[in-house]
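So that we are looking at the same thing, I have put the structure below in structure tokens.
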Amino acid sequence: MTNSLPSDSDLRFGPEHAPRANASAAFDILHQKVQRWVYAKGWTRLREAQEKAVEPILAGGRDVIIAAATASGKTEAAWLPICSALLFGAEHRRDQVPGVKALYISPLKALINDQYMRLTGLCEDLDLPVHRWHGDVASSQKSRVVRNPDGILLITPESVESLFVNHGSSLATLFGGLQYIVVDELHSFIGTERGAQLQSLLHRIELVVRRRVPRIALSATLGDFSTAADFLRPRKGAEVERIKAVDGDVEIKLVLKGYKCAEPSRATNTATGSDAAAPRDDESSEYDKAAIAAHLFQTLRGTDNLIFANTRRDVEIYTDLLNRLCAEARVATEFFAHHGNLSKEIREHVEGRLKDGSSPASAVCTSTLEMGIDIGSVDSIAQIRAPASVAGLRQRLGRSGRRDGKSAILRIYVSEPELTNSTPPVDLLRAETFQSAAIVEMLLQGRYEHPYVGELHLSTLIQQILSVIAQHGGADAQQLYGALCGHGPFAQVDRYTFTALLRAMGQHDLLTQDGRGMLLPGIHGERVINHYTFYTAFQTPVEYRLVSNGQTIGSVPVDQSILPGALLIFAGRRWKILNVDDRQKVIDLTQAGAGRPPKFFGGGGEVADEVRRTMRALYSSDVVPRYLDNGAQDLFIEGRSAFQRQGHAHSMIFGWGGDVLLFPWRGDRIMNTIAVVLASRDLEVGLDGLALTVHRTRPDDLHRLVARLAGESKPTAEALAAVADGKARDKYDGYLSDELLDRAYAARAFDIDGAWDTLTMIASSPPRAVDAEL
DNA sequence: GACCTGCTGCGGGATG
């Protein structure tokens, strides 16, 4: 099966192109030394992103976003003109302002190390020093930069934060000559706490140097340029120059494979999020996993692949199954686990095996290998269970098929419960199969989810208030509001909310006020600021280090099953726990013959509105996608016939036993809003994938209630948030008053308009009983 | 039934 997907792999330098780089207008305006470097590289022409980016960046006045797929030369698209501009500037200006000339901000230390190597090569001949600054860089190198700032500085957002806190008075010198800020992997920041921190840091740098500094952003292919532009330059997104490498066609070979498992692995979460069912550990019932592992082993052995699983637990389970198949076949293992809880050494070893072409290797991984260092191209991508988002799947697919015009290969494995006469109606719909197909359809059409950017980010605002106070040794409320809110990065926070936030911070002793009204850190605030964990905007769980023979192999969160003598599967191997040191937070392991996968904790995933709507369209259509194998086709046809039999074309409310099922066919934010609305009317509501389960009511009663709600005026999101539970999520949410926490939660978790549209639709559709259909 | 990311300054002792 073949489909085409936008890519830019056709932009390749070939011998058929004569070395006529100087025929390019963009090449002509680069500095001569940069031209020489391009020539020495053997490049015969600039690639599309580079050709388009040189002029606007070199001109110097504008913000620019460069969106292109991995390995399309977008890094050079930024650095060739930036380095040229810095060289021209150095030649034409006699009174050189000291300081860093270009700042490169990256979400990953590994990317900084990669870029450092590449840029050093370019800048060697240009007389431009390159420095790096992140947690693994020696403090001696950092103090050298502070003493003698110059050239290009590669840094993480957290390390920029540390500059504000610890070197507040040196910043004017450090950044006085700053001409460009480059943000790499922009898409990874949009809509996150870390993104709010980055926006604040960019703004605060401009406040220090008292002028606008052009922002150059690099990103993976973007579905939504406007959101990205508004993120890069808030409220002035329309003025951002947008550069997109026009994508050529690359062939995708695609198959969706369907399997059946014995036990329905369903977990029901109530609206209050309290009673999640425990997942089963019983391996004997998991013959779908064995079948999937057997197919992976048979198909992928001897080649290089990335096998994406959605959870770290599944990474461990599948790596173990694949290793056992290798042992049975008496071959050396070539399947390696890779996820965020494995030690840096183990992860680097796996990355090394993938890069090394001499022996085949496949990584079973989470999103750790979606972004980041260049591991080269692999032969194929496997995705175990439904992908969570279109953008993520696109990014994963970009890792395959870049070798000399080869096709990208994608295999998706889904698994649905075997049908019995007690199978619940939701399981009859085969939601995992339809979610996978919906995401593939959107991918093939080039439709991506819109990132959600409506949050207040009050937790990160607390961090930034403390950071500004540390930077200046104190600040008054007016200055803080002007620097951070007002026309600043937290413009969505009004004066009333800001004042309430300062009051809440005072109540927790984060802040105190001196006689002249100056805000200073309180005793607790001082402790928070001075601890090294202050620089991150995101929350991190407490974990225990796993040690074997003195070597750290990774870390796990603590739970009751972590006791001496217990068995564990980790890093694709089997272990027995020897000792647990609660004070040092260290677990000693020894190799064992059996084990069980560890539990990891995590928040809930969120399915986008566009994905759910596409799923419904697939159920309603009569087309069966051609990329389904026989197993997936069976599941697809079962799901569609259940959709028709249960009457989803006309109804959205269904009686089932003593409960009622409600199908909004909308994204998780709307489903959560409806769940909380119903819970506020004293109903017990569970979120269950596609459906809301409303307990102890009848279809007619619920339908009447929904019709009444749809006719009433909408509540405010804040009023609705007051009745929700489990609202604290972000790092400093614990310091918020009830009122502020409600506001933060309302902005994050609700879509009142979407929910009321849906309630109106439900009110106009007849309720039904499905019991008879089973 | 989720994934990922990141982190200072200082003092004391050894070494060249």
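Quick note on labels: first sequence line is chain A, next is B, and so on, each numbered from 1.
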TODO: Tell me whether the OP1 or OP2 atom of B:dC3 has a side-chain N or O from A:Arg312 closer than 4.0 Å.
DONE: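 For B:dC3, OP1/OP2 do have a side-chain N/O of A:Arg312 under 4.0 Å.
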Open item on the list: Any side-chain N or O of A:Lys142 below 4.0 angstrom from OP1/OP2 of B:dT8?
Closed with: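 Result: yes.
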Open item on the list: With a cut-off of less than 4.0 Å, is there a side-chain N or O of A:Asn530 near OP1 or OP2 of B:dT8?
Closed with: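 Result: no.
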Open item on the list: If I take atom CD in residue A:Gln539 and atom P in nucleotide B:dC3, what distance separates them, rounded to the nearest angstrom?
Closed with: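 Rounded to the whole Å, the gap is 16 Å.
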Task: Spacing of A:Gln463 atom CD relative to B:dG6 atom P, expressed in whole Å - done: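 The distance from CD of A:Gln463 to P of B:dG6 comes to 15 Å, rounded to the nearest Å.
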Task: Under 3.5 Å side-chain donor-acceptor pair for A:Tyr448 and A:Asp224 - done: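 No, A:Asp224 and A:Tyr448 have no side-chain donor paired with an acceptor closer than 3.5 Å.
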- [ ] With the side chain counted from C-beta on, respond yes when A:Ile65 and A:Leu232 share a heavy-atom pair under 4.5 Å apart, and no when they do not.
- [x]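 Yes, side chains in contact.
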TODO: Look at the side-chain N and O atoms of A:Ser162 and state whether any lies under 4.0 Å from the OP1 or OP2 oxygen of B:dG6.
DONE: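 Answer is no, no contact under 4.0 Å.
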- [ ] Using the side chain to side chain donor-acceptor pair (under 3.5 Å) rule, pick out the option among A:Gln395, A:Arg396, A:Arg394 that qualifies with A:Glu370.
- [x]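 Among A:Gln395, A:Arg396, A:Arg394, the one that satisfies the side chain to side chain donor-acceptor pair (under 3.5 Å) with A:Glu370 is A:Arg396.
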- [ ] Using atom CG of A:Leu198 as one end and atom P of B:dT5 as the other, report the distance to the nearest whole Å.
- [x]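 Roughly 18 Å, once rounded to whole Å.
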Task: Check ion pair A:Arg118-A:Asp114 (N to O, under 4.0 angstrom) - done: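 The answer is no: the pair does not qualify as a salt bridge.
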TODO: Assign the ring pair A:Phe534 / A:Tyr732 to parallel, tilted or perpendicular, where the plane angle (0 to 90°) is split at 30° and 60°.
DONE: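 Aromatic pair A:Phe534/A:Tyr732 classed tilted.
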- [ ] Respond yes when some side-chain nitrogen or oxygen of A:Arg313 is under 4.0 Å from OP1 or OP2 of B:dC3, and no when none is.
- [x]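 Indeed not, no polar side-chain atom of A:Arg313 lies that close.
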- [ ] Ignoring hydrogens and angles, state whether a donor on the side chain of A:Ser219 or A:His187 is under 3.5 Å from an acceptor on the partner side chain.
- [x]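 The answer is yes; a qualifying pair exists.
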Task: Atom-pair distance (CZ on A:Arg132; P on B:dG6), nearest Å - done: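 So the CZ-P distance, A:Arg132 to B:dG6, works out to 14 Å.
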Task: Shortest side-chain distance from A:Ser367, nucleotide among B:dT8, B:dT5, B:dC3 - done: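 The closest nucleotide is B:dC3.
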Open item on the list: Would you say A:Thr366 places a side-chain N or O within less than 4.0 Å of OP1 or OP2 belonging to B:dA2?
Closed with: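 A:Thr366 to B:dA2 OP1/OP2: no side-chain N or O under 4.0 Å.
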Open item on the list: As a test of reading the structure: which of B:dG1, B:dC7, B:dC3 is closest to the side chain of A:Thr311, going by heavy atoms?
Closed with: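 Shortest atom-to-atom distance from the side chain points to B:dC3.
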Open item on the list: Just N and O in the side chain of A:Thr533: are any of them under 4.0 Å from OP1 or OP2 of B:dG6?
Closed with: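 It does not, given that no N or O in the side chain of A:Thr533 lies less than 4.0 Å from OP1 or OP2 of B:dG6.
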TODO: Mind calculating the distance between CZ (A:Arg729) and C1' (B:dC4) to the nearest angstrom?
DONE: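 From A:Arg729 CZ to B:dC4 C1': 14 Å.
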Open item on the list: Using a 4.0 Å heavy-atom cut-off, does A:Gly392 contact any base of the nucleic acid, only the sugar-phosphate backbone, or nothing at all?
Closed with: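 No contact.
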- [ ] Specify the separation, in whole Å, of atom CD of A:Gln383 and atom P of B:dC3.
- [x]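 Spelled out: CD on A:Gln383 to P on B:dC3 is 13 Å.
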Task: Contact nearer the 5' end of DNA chain B, comparing A:Phe534 with A:Gly340 - done: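 Final value for this comparison: A:Gly340.
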Task: Spacing between A:Ile384 atom CD1 and B:dC3 atom P, to the nearest angstrom - done: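 My rounded result for the distance is 14 Å.
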- [ ] To the nearest Å, give me how far apart CD (A:Gln141) and P (B:dG9) are.
- [x]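 Answer to the nearest Å: 14 Å.
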TODO: Answer with base, sugar-phosphate or nothing: what part of the nucleic acid does A:Arg396 contact at a heavy-atom distance below 4.0 Å?
DONE: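 Result for A:Arg396 = nothing.
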Task: Of A:Glu158 and A:Asp668, the one whose closest DNA chain B nucleotide lies more 5' - done: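 In this pair, the answer is A:Asp668.
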TODO: Tell me whether A:Tyr535 is stacked on the nucleobase of B:dC7, counting only the six-membered base ring and applying the 5.5 Å and 30° thresholds.
DONE: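 Answer is no, no stack.
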Open item on the list: Tell me whether A:Phe538 and B:dT5 count as stacked here, given that the ring centres must be under 5.5 Å apart and the planes must differ by less than 30 degrees.
Closed with: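 Answer is yes, a stack.
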Task: Any A:His134 side-chain nitrogen or oxygen under 4.0 Å from OP1 or OP2 of B:dT5 - done: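 For B:dT5, OP1/OP2 do not have a side-chain N/O of A:His134 under 4.0 Å.
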TODO: Name the nucleic acid region contacted by A:Thr540, choosing base, sugar-phosphate or nothing; use a 4.0 angstrom heavy-atom cut-off, strictly under.
DONE: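 Result for A:Thr540 = base.
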